[in-house]
Amino acid sequence: MKSGLIFLLLVAGPIASAQRTSTFDFLRLDMNARAAALNGSFVSMTNDPNLLYYNPAGLATLERPSASASFLKHLLDVNAGSLTYGQEFPELGTFAAGVTFVDYGSFRQTDESINVLGTFSARELAFAAGWGTRFEENLYVGASVEFISSSIASYSANAVAIGAGVLYQIPSEMITIGASLLHAGAQMGTYAGTRESLPLELTVGITKKPEHLPAYINLNFHKLTDQADTFLDRFGSFSIGVEFLMSESTRLRAGYDNEKKQELKLGTGSGLAGFSFGGGILIKEYLVDYSYNSYGKIGGLHRVSIGMILEP
């Protein structure tokens with residue numbers, strides 16, 4: 001475990017202090033329904049190609065070639081989604097590639113006198129590739145690279161980022177510990193000539209499978225590089241997720257995001273803001289997942305993912 005942590009810190013150390021304002025915040029959005037139902041507490045999960053976006057080291061636990069397609073209906077008719085594929089290559093490790101997008105739709109373009117000149121659109125897109133391998137017994141490491149673009153009308157901005165992760169399993173305790181540093185990079189092109197930091201994300205988490213309970217219980221701490229008023233405040237961005245194994249082919253999930261709960265509080269209460277629910281079912285080689293994430297009185301987000309497990 002020590003050698004794996006050194007691997008991560010060698011990447012995180014030189015850049016963690018550079019965190020300022022960020023752009024391309026859509027990179028923090030959960031696209032996949034399984035991860036969203038767990039409210040993003042996914043850094044220490046295994047056997048899922050979507051770990052490309054959470055912890056590339058976890059790709060090394062992929063048991064068979066797998067593909068996943070996800071769709072998200074966001075608030076105000078914003079559409080988003082992802083497409084991901086992962087496969088192991090003997091002696092080389094497990095590789096994955098994917099694309100995520102956000103389409104904000106069309107808008108009216110006007111001049112200073114509110115005369116309609118036409119319409120314009122806004123979109124964001126990210127291409128990612130990752131690799132994971134077994135570093136030593138029960139220890140996995142991985143890395144990723146992202147090419148990111150954003151466009152509004154005829155204007156655009158783009159960036160390149162890298163990521164790294166570690167995953168350590170304790171089989172005797174049915175515990176998995178994960179950590180990842182993602183979106184470490186810089187803009188190559190800007191909207192207004194001012195370069196901003198990307199949403200650097202350092203996440204640490206643990207997954208426990210209780211001996212007499214058919215479930216995976218996750219606890220993740222997010223945004224650990226973000227500035228905070230006190231040391232304890234730095235750990236305020238945490239999420240909890242539980243995946244219940246109802247049968248060999250059925251899963252139920254629930255999650256809680258403390259940061260969303262606090263940020264979406266209106267007046268004296270926030271309702272179900274910060275809570276998530278969902279489930280999944282395996283039908284032959286197909287996986288169908290659904291999630292609902294509550295934003296309280298503002299509304300909620302629905303996600304649907306379809307996965308496919310392929311023959312090796």
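Treat the numbers as computed from the prediction; the structure is a model and nothing was measured.
- At a cut-off of 3.5 Å, with distance as the only test, no side-chain donor of E259 or H222 sits close to an acceptor on the other residue.
- Within a 6.0 Å radius of CE in M174, more than 12 heavy atoms belonging to other residues, nucleotides or ligands are found.
- The line from CG of N220 to OH of Y54 is 10.0 Å long, rounded to the nearest 0.5 Å.
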- Message: Between S121 and R123, does the side-chain hydrogen bond (donor to acceptor under 3.5 Å, both in side chains) criterion hold? Intermediate values first, please.
- Response: CA-CA 7 Å; S121 60; R123 298 182 180 89; 3.0 Å; yes
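- More than 12 heavy atoms of other residues, nucleotides or ligands shown are found within 6.0 angstrom of CZ on F107.
- Legend: residues meeting side-chain contact (heavy atoms from CB on, under 4.5 Å) with S154, ordered by chain and number and at least two apart, are absent.
- Between R64 and E88 there is no salt bridge, since no side-chain N of the basic residue sits under 4.0 Å from a carboxylate O of the acidic one.
- Judged purely by distance below 3.5 Å, without hydrogens or angles, the side chains of Y53 and T84 pair a donor atom with an acceptor atom.
- Annotation: Y155 is not in aromatic contact with Y191 [ring centroid separation under 6.0 Å not met].
- One N or O on the side chain of T61 and one on the backbone of G58 form a donor-acceptor pair closer than 3.5 Å.
- Under the 4.5 angstrom side-chain criterion for Ile, Leu, Val, Met, Phe, Trp and Tyr, the cluster partners of V288 are I281, I283.
- Rounding to the nearest 0.5 Å places OG1 of T190 at 6.0 Å from CZ of R195.
- Residues forming a side-chain contact (heavy atoms from CB on, under 4.5 Å) with V304 (at least two apart in sequence, or on another chain): Y290.
- Side-chain atoms of T110 do not come within 3.5 Å of backbone N or O of N115 as any donor-acceptor pair.
- Under the 4.0 Å criterion applied to side-chain N and carboxylate O atoms, E201 and R28 are assigned as salt-bridge partners.
- Ring-plane geometry between F221 and F238 is classed as tilted, the angle between the planes lying from 30 to 60 degrees on a 0 to 90 degree scale.
- The existence of a salt bridge linking D257 and K260 is confirmed by a sub-4.0 Å separation between a basic side-chain nitrogen and an acidic carboxylate oxygen.
- Taking S276 as the reference, N39, N293 meet the side-chain contact (heavy atoms from CB on, under 4.5 Å) condition, with sequence neighbours excluded.
- Taking CD1 of I152 as the reference point, atom CD of E124 lies at 7.5 Å (rounded to 0.5 Å).
- Following chains of ILVMFWY side-chain contacts shorter than 4.5 Å, one can reach L202 starting from L200, so the two form part of one hydrophobic cluster.
- Pairs of residues two or more places apart, or lying in two chains, that qualify as salt bridge (Lys or Arg N to Asp or Glu O under 4.0 Å) and include a residue from residues 29-51 are R34-D48, R34-E243.
- Annotation: Y292 is not in aromatic contact with F277 [ring centroid separation under 6.0 Å not met].
- Interatomic distance, L125 CG to S156 OG, rounded to the nearest 0.5 Å: 12.0 Å.
- The six-membered or imidazole ring of F127 lies away from that of F147, with a centre-to-centre distance of 6.0 Å or more.
- Listed by chain and number, the residues in a side-chain contact (heavy atoms from CB on, under 4.5 Å) with A129 are V145 (sequence neighbours excluded).
- Looking only at distances, no side-chain donor or acceptor of S305 sits under 3.5 Å from a matching main-chain atom of D289.
- Taken from OG in S291 to CG in N32, the straight-line distance is 8.0 Å, to the nearest 0.5 Å.
- Between the R234 side chain and the L224 main chain, a donor and an acceptor come within less than 3.5 Å of each other.
- Distance alone, capped at 3.5 Å, places no donor-acceptor pair between the S294 side chain and the G300 backbone.
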- Task: I would like to know whether N218 and Y216 meet side-chain hydrogen bond (donor to acceptor under 3.5 Å, both in side chains); could you show each step before the answer?
- Result: CA-CA 6 Å; N218 301 334; Y216 292 104; over 6 Å; no
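- In this structure, OG in S70 is found 5.5 Å from CG in N50, a value given to the nearest 0.5 Å.
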